[in-house]
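All remarks here apply to the structure that follows.
First the proteins, then the strands, lettered A, B, ... as listed; each starts at 1.
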2 protein chains.
Amino acid sequence: MDRHTDADIAPVAALIADPARAAILTALLGGRALAAGELARVAGVSPATASSHLARLLDGGLVEVTRQGRHRYYRLAGHEIAEVLEVLARISARPPVRSLRQSRQARLLQEARTCYDHLAGRAGVALLDALRGHGCLDGERVTPQGERLLAGLGVDVARARRTRRRFAPECLDWTERRPHLGGALGAAVTAVLLERGWYRRGSLPRAVELTGEGREGLAALFPGKELTSHSPVT
Amino acid sequence: MDRHTDADIAPVAALIADPARAAILTALLGGRALAAGELARVAGVSPATASSHLARLLDGGLVEVTRQGRHRYYRLAGHEIAEVLEVLARISARPPVRSLRQSRQARLLQEARTCYDHLAGRAGVALLDALRGHGCLDGERVTPQGERLLAGLGVDVARARRTRRRFAPECLDWTERRPHLGGALGAAVTAVLLERGWYRRGSLPRAVELTGEGREGLAALFPGKELTSHSPVT
DNA sequence: GGCACGCTTCGGCTCCGGTCGAACCGTCAC
DNA sequence: GTGACGGTTCGACCGGAGCCGAAGCGTGCC
């Protein structure tokens with residue numbers, strides 16, 4: 001068989017294969033655009049090296065850039081890219097935890113993080129469970145009851161449905177090994193949760209944390225459910 | 001942020017990043033186990049080089065091997081690996097077609113191929129459409145009507161449901177850009193189609209082709225639907 | 001204007017990893 | 001046994017890619 005009849009996956013894989021670039025891409029999985037300097041720090045390389053990596057990622061279409069003053073903010077080029085990184089993470093070994101600080105950071109990410117633009121980790125899995133448990137979702141369809149609940153929360157379900165992106169796929173969580181809500185609906189719900197201040201961005205690029213209002217709001221929305229683990233991460 | 005708190009995706013990506021290894025993995029997407037020599041030919045490298053690549057893939061857990069006499073047959077290490085390759089293919093550029101022969105091969109693969117262990121290409125997409133169009137599937141659930149139809153075909157739906165693998169996810173087809181049936185159910189259905197001789201393995205590693213019985217059988221099963229394109233690939 | 005800062009470009013260094021031929025090991029055929 | 005064949009291992013070669021310091025470019029601040 002002639003290999004040229006197939007899509008050429010090697011070049012894209014090569015872009016992800018470098019440790020510095022992988023670190024950059026993983027940091028961008030947080031969904032926010034980050035400045036080149038920050039990314040250099042994240043990847044543990046000099047600004048010169050990071051710049052060269054970013055140029056290659058840009059050329060390969062994995063990231064996009066916007067200039068703002070003397071900063072250049074980089075972000076992932078789309079949710080398909082995020083999907084590739086998530087799927088890769090699922091079959092990659094989790095490196096051993098080396099320090100107390102790392103262990104705390106790891107636990108923060110396991111608890112609640114963004115997966116590009118939707119909620120993941122224990123919180124994301126629990127949210128999907130709660131939606132299903134309250135009969136808001138049937139497969140990928142939103143039930144009438146779900147429409148009411150989401151509308152009350154401020155989620156524009158109809159708008160999410162109009163996008164070309166898949167509506168409400170399950171996204172297998174690589175720390176929990178169980179699904180959380182992805183797709184256009186997952187992104188819309190997560191955007192609302194952040195706007196309302198129920199979750200806020202944490203100190204790590206991908207981490208988010210539940211706020212006091214969030215705890216109350218979610219408890220009212222899903223009575224009898226606990227959306228996060230009982231012991232806060234310390 | 002410390003990058004060690006995340007799964008490190010770079011090593012796995014590096015395994016896929018080499019053109020020869022990518023060709024080997026893509027060939028193994030056909031779902032069959034192939035001998036080392038065949039894979040060397042497919043990748044366009046010497047047996048020595050291929051052997052070194054296969055050793056690395058084995059070490060990285062991407063492939064498995066079984067010895068049979070003086071042959072060693074390699075296969076993908078699981079459907080998660082196949083998933084990674086498919087997702088990567090989706091964001092990778094399709095290389096330009098260079099010759100008539102390649103163009104014919106490409107058209108064969110577009111028409112019908114296996115995606116590790118389930119049917120893909122136009123045929124796979126049409127099959128999912130037919131199942132949905134006849135009310136056999138509702139989201140990921142099999143309807144009573146679907147149970148009857150699949151049982152008549154000889155698919156053991158209950159057994160597919162018992163596996164730990166996801167039951168009936170949609171798998172976005174990278175040539176058609178529309179979903180086909182994946183997961184445990186997709187694999188079970190495809191196995192039956194091959195057992196019955198409705199499809200048979202083609203000359204290319206991943207290609208399959210509809211047989212005469214297959215055309216009749218599918219037409220009887222899904223009256224009024226055409227499961228493949230009207231013009232045969234020549 | 002002048003300086004500080006963020007980022008990129010350039011040049012040169014180093015090293016990892018892909019490549020093959022040749023030799024080696026095991027299996028099958030006769 | 002002996003030869004053919006499939007596959008792996010070894011050793012040597014070579015090119016590409018990652019790395020950094022220094023210099024260059026543009027923007028913002030005072």
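- Among the atoms of the strands shown, only primed sugar atoms or phosphate atoms (P, OP1, OP2) are found under 4.0 Å from some heavy atom of A/Tyr74.
- Between A/Leu62 and A/Val12 the shortest side-chain heavy-atom distance falls below 4.5 Å.
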Report task. Quick one: do A/Arg75 and A/Arg32 satisfy side-chain contact (heavy atoms from CB on, under 4.5 Å)? Show the steps, please. Result -> CA-CA 7 Å; A/Arg75 60 180 180 284; A/Arg32 274 183 305 181; over 6 Å; no
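- Sorted by first then second residue, the ring-ring contact (aromatic ring centres under 6.0 Å, His included) pairs that include residues 103-127 of chain B, not counting sequence neighbours, are B/His118-B/His180.
- Ion pairing of A/Arg165 with A/Asp117 is present here, as a side-chain N (NZ or NE/NH1/NH2) and a carboxylate O approach within less than 4.0 Å.
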Query - Derivation and outcome, side-chain contact (heavy atoms from CB on, under 4.5 Å), residues A/Val84 and B/Leu88 - result: CA-CA 6 Å; A/Val84 171; B/Leu88 267 172; 3.9 Å; yes
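- For the segment residues 61-69 of chain B, the set of residues with a heavy atom within less than 4.0 Å of an atom of DNA chain D is empty.
- Atoms CG (A/Leu58) and C1' (C/dT8) sit 13 Å apart, rounded to a whole Å.
- Here the rule is salt bridge (charged side-chain N to carboxylate O under 4.0 Å, His left out) with A/Glu209, and of A/Arg122, A/Arg200, A/Arg113, A/Arg107 only A/Arg200 fits it.
- Using a 4.0 Å heavy-atom criterion, one finds that A/Ala35 contacts the sugar-phosphate atoms exclusively.
- Chain A approaches DNA chain D over the interval D/dA17 to D/dG28, counting the first and last nucleotide 5' to 3' with an atom under 4.0 Å from its heavy atoms.
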Query raised in the report: Base, backbone or nothing for each nucleotide of nucleotides 15-21 of chain C, written B, S, -, heavy atoms under 4.0 angstrom, 5' to 3'?
Result: --SSSBB
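- Under a 4.0 Å N-O distance rule, the pair B/Arg90/A/Glu83 qualifies as a salt bridge.
- Electrostatic pairing of A/Arg206 and A/Glu86 counts as a salt bridge here, judged by a charged N lying under 4.0 Å from a carboxylate O.
- Distance check, rounded to the nearest 0.5 Å: CG of A/Leu29 to CG of A/Leu85 gives 5.0 Å.
- Straight-line distance from the CG atom of A/Leu34 to the C1' atom of C/dG6: 15 Å, rounded to whole Å.
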I'd like a list of close polar pairs between nucleotides 11-14 of chain C and the protein, N/O only, cut-off under 3.5 Å.
none

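- Among all heavy-atom pairs drawn from A/Ile16 and A/Ala22, the shortest one is O-CB, 3.5 Å.
- Salt-bridge formation is not detected for the pair A/Arg196/A/Glu213: no Lys NZ or Arg NE/NH1/NH2 atom is positioned less than 4.0 Å from an Asp or Glu carboxylate oxygen.
- Nearer to the 5' terminus of DNA chain D, by closest-nucleotide assignment, is the contact made by B/Arg70 (compared with the other of B/Arg70 and B/Leu54).
- Within the structure, every pair that satisfies the ring-ring contact (aromatic ring centres under 6.0 Å, His included) test and touches residues 18-71 of chain A, not counting sequence neighbours, is listed here: A/His71-A/Tyr73.
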Report task. Check step by step if side-chain contact (heavy atoms from CB on, under 4.5 Å) holds for B/Tyr199 and B/Leu218. Result -> CA-CA 11 Å; B/Tyr199 279 91; B/Leu218 289 171; 4.1 Å; yes
